[in-house]
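First comes the structure, then the notes that go with it.
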Amino acid sequence: MEFDSPELKKEFEHQWQIISRGAVEIIPEDEFKAKVIRSIKENKPLRVKQGFDPTAPDIHLGHTVGIRKLKQFQDLGHKIVLIVGDYTGLVGDPSGRSETRPMLSYDELMANSETYQKQFFKILDRSRTEIHYNGEWFKEMEFIKYMHLATKFTVARLLERDDFAKRFKNGIPISVHELFYPLMQAYDSVAIRADIELGATEQTFNLLAGRTIQEAFNMEPQCILTLPILVGLDGQRRMSKSLGNYIGIDESPREMFGKVMSIPDEQIYHYFELATDVSLEELKKIRADLSQNNINPMDLKKKLGETLVDMYHPGGSGAEARQEFERIFSQKQLPDEIPEIDSRQLIELEIKPEAIYLVHLMTKTGLSKSNGEARKLIVGGGVYLDNQRITDPDFEFKLSRDMVLKVGKRRFLKLKAK
RNA sequence: GGUGGGGUUCCCGAGCGGUCAAAGGGAGCAGACUGUAAAUCUGCCGGCGAUGCCUUCGAAGGUUCGAUUCCUUCCCCCACCA
């Protein structure tokens, strides 16, 4: 790289260090660098794109890996362009999928996109962010234009992708509409004139498609930056709402902290790296501590939980969540706040306070999904009333004083005698 | 369009006239253990105040004392052929 001035060089190196941190691939790197340099020279922000399909109502830590990278670009003065994939959401991204996604209704997508946006701006600065729905261009697009897009790709190229290849080989159906997904995402880049597009590693194909299509529209192709995939609570599969292994950024401090504590120890480092802002030095130390066994992983995990809670909740919540966790799990005490129910509310649920059938109480108050489950929990030894384990599935009692019901490790209910 | 093979409980997958709420595995839940998690072991794993009753095996009909199992039609998937 050649620089016109030392200032330029300095600014570029500053930006590049931030941009490239944590990235898996930058394609093509030289072109990317050239764009950054040009942007500095001409004082013209890069247009950095990332799209999100609102297929589920919550943003989780997995999403934040990309969003936080966007934030870094934003802080460097670049223009963030968020695409809400209302139309791509209808089609459903086949990336990393082993089967066709269920099609959502447009109404569902729109409802999700509202909560999405609210949550995006817990991280990004709204006033400096451009948002587009891709329906803006797809809604009015002529059929022939879709066909034009389709001429730019061959079936062989689409099918060589690992996810499709596997499905094809295993006889799992691939519908034609799924083949269109990458083309749609690619066209988004044309529509908003993207310079850069971000995505998780599994997005590489779609991101590269953007380059192809932009060139077909006589546009300078975008450069791409891919980021690691955050593994979910099970420690195995990617974090995703549909797998139920996610930590939502809108979850309560207590919930968030508890979920962090349940991740496998091996993931502690990755979570610090991908989901928090800890400095490079700290990261190094964490890695060393873990590999040399000179720290109890639990303590690091608590720190991780605290850090994450603080990132998404106002001051002090992290420490509180931690204390709460320690109180309940380490000291096996009661949480400081327990949902309450009084005798009047019980009567409304058709439960007589003078003769409470425990199974019904649990089901009607939502502590168990069905009477059957309640019985199983009782017989299985997971139910305590005032610290007394109840094992009789037919147990009945009279509510003559305040009592605390505990179901499993973390479900509590205070019964008020009043 | 033709031929063949399929659709089973959250997922995978056995069952092929009664002994089937349906083997086995996975996931999940609870318990024991523990420094959180994991690993391991144990139990549960459609609903019901429950040695019985009710609703399930792609959908609708039919045969039968009895159908997840047999027949018919329909829907969907896969392979090969076109």
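The analysis underlying the following values was restricted to heavy atoms, covering all of them including side chains, and did not include hydrogens, waters or symmetry mates. Note that this is a predicted model, so its numbers are computed, not measured. Convention: sequence-line order gives letters A, B, ...; per-chain numbering from 1.
Base pairing of B/G61 is made with B/C71, judged by Watson-Crick or G-U wobble geometry with both donor-acceptor distances under 3.5 Å. Searching all strands for a Watson-Crick or G-U wobble partner of B/C10 with both distances below 3.5 Å returns B/G26. Summarising the base pairing, B/A39 is matched to no nucleotide, lacking a Watson-Crick or G-U wobble pair whose two defining distances lie under 3.5 Å.
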Side-chain polar contacts of residues 65-77 of chain A - donor-acceptor pairs under 3.5 angstrom, sequence neighbours left out - could you list them?
| from | atom 1 | to | atom 2 | distance (Å) |
| --- | --- | --- | --- | --- |
| A/Arg68 | NH1 | A/Asp277 | OD1 | 2.4 |
| A/Arg68 | NH2 | A/Leu274 | O | 3.0 |
| A/Arg68 | NH2 | A/Thr276 | O | 3.0 |
| A/Lys69 | NZ | A/Ile18 | O | 3.0 |
| A/Lys69 | NZ | A/Ile19 | O | 2.8 |
| A/Lys69 | NZ | A/Arg21 | O | 2.8 |
| A/Lys69 | NZ | A/Gln72 | OE1 | 3.0 |
| A/Lys71 | NZ | A/Asp75 | OD1 | 3.2 |
| A/Gln74 | OE1 | A/Asp125 | N | 2.9 |
| A/Gln74 | NE2 | A/Asp125 | O | 3.2 |
| A/Gln74 | NE2 | A/Arg128 | O | 3.3 |
| A/Gln74 | NE2 | A/Thr129 | OG1 | 2.9 |

For residues 394-401 of chain A, please give each side-chain donor-acceptor pair under 3.5 Å, one per line with the distance, not counting sequence neighbours.
| from | atom 1 | to | atom 2 | distance (Å) |
| --- | --- | --- | --- | --- |
| A/Arg401 | NH1 | A/Asp386 | OD2 | 2.7 |

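One C1' atom belongs to B/C11, the other to B/A60, and the distance between them is 27 Å to the nearest Å. Remark: the separation of the P atoms in B/A22 and B/G52 is 13 Å, to the nearest Å. As rounded to the nearest Å, B/C71 and B/G46 have C1' atoms that lie 29 Å from one another.
When the shell of 6.0 Å around CD of A/Glu354 is examined, it contains more than 12 heavy atoms from other residues, nucleotides or ligands. Applying the 6.0 Å contact sphere to OH of A/Tyr146 captures more than 12 heavy atoms from other residues, nucleotides or ligands. Within 6.0 Å of atom CD in A/Gln331, more than 12 heavy atoms from other residues, nucleotides or ligands are found, so the atom counts as buried in its surroundings. Within a 6.0 Å radius of CD in A/Glu114, no more than 12 heavy atoms belonging to other residues, nucleotides or ligands are found.
Near-neighbour residues of RNA chain B inside residues 339-371 of chain A, defined by a heavy atom below 4.0 Å, number-ordered: A/Tyr357, A/His360, A/Ser370, A/Asn371. For RNA chain B, the neighbouring residues in residues 377-395 of chain A, judged by any heavy atom under 4.0 Å, are A/Leu377, A/Gly380, A/Gly381, A/Gly382, A/Arg389. Near RNA chain B, defined here as any heavy-atom distance below 4.0 Å, there are no residues from residues 266-277 of chain A.
Across all strands, A/Glu396 comes closer than 4.0 Å to base atoms (heavy-atom distances). Among the protein residues, A/Lys302 comes within range of no part of the nucleic acid, since none of its heavy atoms lies under 4.0 Å from any strand. Backbone-only contact: A/Arg411 has heavy atoms under 4.0 Å from sugar-phosphate atoms and none from a base.
When RNA chain B is scanned in the 5' to 3' direction for atoms under 4.0 Å from non-hydrogen atoms of chain A, the outermost contacting nucleotides are B/C29 to B/C78.
Toward the 5' end of RNA chain B, the nearer of the two residues A/Arg237 and A/Lys409, judged by each one's closest nucleotide, is A/Arg237. Nucleotides of RNA chain B nearest to A/Ile174 and A/Phe329 differ in position, and the one nearer the 5' end is that of A/Phe329.
Taking the charged nitrogens against the carboxylate oxygens, A/Glu326 and A/Lys332 have no contact shorter than 4.0 Å, which rules out a salt bridge. At a threshold of 4.0 Å, the pair A/Arg193-A/Glu220 does not count as salt-bridged, since none of the basic side-chain nitrogens sits closer than that to a carboxylate oxygen. Using a cutoff of 4.0 Å between basic side-chain nitrogens and carboxylate oxygens, A/Glu348 and A/Arg344 are not scored as salt-bridged.
When each of A/Arg410, A/Lys302, A/Arg254 is checked for a salt bridge (charged side-chain N to carboxylate O under 4.0 Å, His left out) with A/Glu324, only A/Arg254 meets the rule.
For the residue pair A/Glu197 / A/Ser189, a side-chain donor-acceptor distance below 3.5 Å is found, with atom types taken as modelled. Neither side chain, A/Glu340 nor A/Gln345, offers a donor N or O lying under 3.5 Å from an acceptor on the other.
With a glycosidic angle further than 90° from 0, B/U55 counts as anti.
The distance between the ring centers of A/Phe325 and A/Phe329 falls below 6.0 angstrom.
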